[in-house]
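Everything below concerns the one structure shown next.
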2 protein chains.
Amino acid sequence: MPTNELRTRVLLAAADDPGKCAVRDVLDHLAGKWSTLVLLYLDDGPRRFGALRRGVPRISKRMLTQTLRELERDGFITRHAFPTKLPSVEYRLSPLGESFLVPLRALIVWVEKQHGQIRRARTRYDARAD
Amino acid sequence: MPTNELRTRVLLAAADDPGKCAVRDVLDHLAGKWSTLVLLYLDDGPRRFGALRRGVPRISKRMLTQTLRELERDGFITRHAFPTKLPSVEYRLSPLGESFLVPLRALIVWVEKQHGQIRRARTRYDARAD
DNA sequence: CAGGATCCAGAAAGATACTG
DNA sequence: CAGTATCTTTCTGGATCCTG
């Protein structure tokens, strides 16, 4: 699997149409402040809306709803509404979502490992720039 | 390496201070429209500013400059200015940047593989929602 | 409880013009 | 060539109020 080939496909896809570039397509919504945190949180098991609000710090109702909709739309999570007296809705990872967590977690591990180095690079850069 | 532990650290870090959450910290700037594309493009070797502009479709001078600065600041790339008559500046991946491409590329491979499934999930969702 | 609807301030990003 | 500066537009997300 030649690197160039991968890169070329990526860039050409981006050039043609943002909607057809797989990388941008998924990275964009992974980029949202919250998607990643919600996915990681759901990795511990199904959770209800309220539990997610409490579990993901500082997220607003609006953003949580929006994030959940996007993740559901893309097939990363599923939504189960129980028609109880007061509505109760449960979200859980789909197989697709679970499989996504594998490369995502690898990236996170890298980040955690290198974070110190990145922070030092920043300090150095900022010091040089006054 | 227990999953829970990783998740917990992530969430607590996010709760405390956005600037200290490693995941958000790096994901945020990976999320920018262009960082990923620039990094992948530079994986083929050092490139000059103009070459990057032509190579990364539709990027504006402003955004390219900004992206390069951030990547340089975080230590992912290095910048070499040659004091020729007309300025010439070359950018190249640092070892840190190269090592970052490993997990990043794994994520991209996943995305490319599953993109069809994601798109189908979207179509299905949109069809149901009318 | 789990949202939907609306308003609005601030950040992000495109277009354009200028410079060492 | 490789940027910087400025203006303008678009987008994002928080706050608030409402509902089945």
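Naming: A, B, ... by sequence-line order, numbering from 1 per chain.
Remark: C1' of D/dC18 and NZ of A/K61 are 10 Å apart, rounded to the nearest angstrom. For B/R79 and D/dC1, the CZ to P distance is 16 Å, given to the nearest whole Å. In this structure, CZ of B/R53 is placed 11 Å from C1' of D/dG3, rounded to the nearest angstrom. As a whole-Å value, the separation of A/L64 CG from D/dT12 P is 18 Å. Whole-Å rounding puts the A/E90 CD to C/dG3 P distance at 12 Å. Regarding B/H80, its NE2 atom lies at a distance of 16 Å from the C1' atom of D/dA2, rounded to whole Å. The separation between B/R47 atom CZ and D/dC1 atom P is 17 Å, rounded to whole Å. We find that CZ of B/F49 is positioned 7 Å from P of D/dA2, with the value rounded to whole Å.
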Residues A/D43, A/R105; criterion side-chain contact (heavy atoms from CB on, under 4.5 Å); working and verdict: CA-CA 11 Å; A/D43 191 33; A/R105 223 179 274 116; 2.7 Å; yes

B/E90 vs B/R92, side-chain contact (heavy atoms from CB on, under 4.5 Å): CA-CA, chis, key distance, verdict: CA-CA 7 Å; B/E90 189 185 84; B/R92 68 171 66 206; 2.9 Å; yes

side-chain contact (heavy atoms from CB on, under 4.5 Å) evaluation trace for B/F76 with B/L93: CA-CA 6 Å; B/F76 286 71; B/L93 287 181; 5.8 Å; no

Pair A/R79-A/V89, side-chain contact (heavy atoms from CB on, under 4.5 Å): steps then yes or no: CA-CA 7 Å; A/R79 178 180 184 277; A/V89 181; 3.6 Å; yes

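Taking 4.0 angstrom as the limit, A/S60 places a side-chain polar atom (N or O) nearer than this to OP1 or OP2 of D/dG14. Within the 4.0 Å cut-off from OP1 or OP2 of C/dA15, not a single side-chain nitrogen or oxygen of B/R58 is found. Distances shorter than 4.0 Å separate none of the side-chain N or O atoms of A/R48 from OP1 or OP2 on C/dC1.
No engagement by B/F82 is indicated, since no non-hydrogen atom pair under 4.0 Å with the nucleic acid exists.
Comparing D/dG13, D/dG3, C/dG14 by their nearest atom to the side chain of A/R62 picks out D/dG13. Comparing C/dG20, C/dA2, C/dG14 by their closest approach to the side chain of B/W34 singles out C/dG14. Of the candidate nucleotides C/dA2, D/dT4, C/dG14, C/dG14 has the atom nearest to the side chain of B/M63. Ranking D/dC1, D/dG3, C/dG3 by closeness to the B/P87 side chain, first place goes to D/dC1.
When each of A/V38, A/L96, A/L68 is tested with A/I77 by the rule side-chain contact (heavy atoms from CB on, under 4.5 Å), just one qualifies, namely A/L68.
Of the two residues near DNA chain C, A/R69 and B/Q66, the one whose nearest nucleotide lies more 5' is A/R69.
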